[in-house]
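Worksheet: one structure, shown below.
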Amino acid sequence: MRVLIVEDERRLARSLAQGLTAEGFAVDVVHNGTDGLHRATETSYDLVILDIMLPGMNGYRVCAALRAAGDETPILMLTAKDGEYDEAEGLDTGADDYLTKPFSYVVLVARVRALLRRRGRGSTASPELRVGDLVIDRGARRVTRAGAETSLTAKEFAVLEHLASRAGEVVSKAEILEHGWDFAYDGDPNIVEVYVSALRRKLGPDLIVTVRGAGYRLVASRA
Ligand code: CA
């Protein structure tokens, strides 16, 4: 899951990014509205966290521009204090939810997860992803195969979730990188192999098939 944070308060942006990264999200951060709109247009995000009072272009305008362009990425709006933000106006421009600062981190994460579930990749509101005998519980971040629970790191979970959401299809390394890593990573795409190897070791060698020159395909036998 890949998240864009558009927030000009750098300390807040940094702490949100660190927190969400620890939760297993790939996080990009920009500090003004113009960059925010550009990034959100160029890259496919699962969620955008958008401050309202921003230099360059305010959050309302960024949100309205994305919606006008047909971009349906869930948007969580942030505002500095009561009064600055007009809830009706925010929702009118197409935001999905809003949070008034200061907010607790726990509340933010809960809202983020709720929005992702609501707009969840086609699988309507279900936090659970099932492929054969593989079950991924996105809410509890638990993975079981044939009933046996396996403990995964945040990155392993992200790679598995992306492959499972496209089960049966070939997914390229570049695509996995785009969803599991942020712009700060500009290293070798072969890093993906490391995580796929770990997943095979933990969940069984037959789960993820290498498609030579193309990528990987997740296949799970029936339970
Ligand atoms: Ca601001």
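Just so you know, ligand 1 is whichever comes first in the structure, and atom 1 is the first atom listed for that ligand.
- With contacts defined as side-chain heavy-atom distances shorter than 4.5 Å, the pair Glu193/Tyr216 qualifies.
- Side chains of Arg200 and Thr210: a donor-acceptor N/O pair is present below 3.5 angstrom, by distance only.
- Minimum interatomic distance between Met77 and Cys63 (heavy atoms only, all atoms of both residues): CE-CB, 3.7 Å.
- Arg142 meets the salt bridge (charged side-chain N to carboxylate O under 4.0 Å, His left out) test with Glu149; sequence neighbours excluded.
- For the pairing with Leu199, the side chain to side chain contact (heavy atoms under 4.5 Å, CB included) check across Leu207, Leu218, Val143, Leu152 returns one residue only, Leu152.
- Protein N/O/S atoms closer than 3.0 Å to the Ca ion (ligand 1), listed by chain and residue number, are Asp8 OD1, Asp51 OD2, Met53 O.
- In Arg113, the CZ atom is crowded: over 12 heavy atoms of neighbouring residues, nucleotides or ligands sit closer than 6.0 Å.
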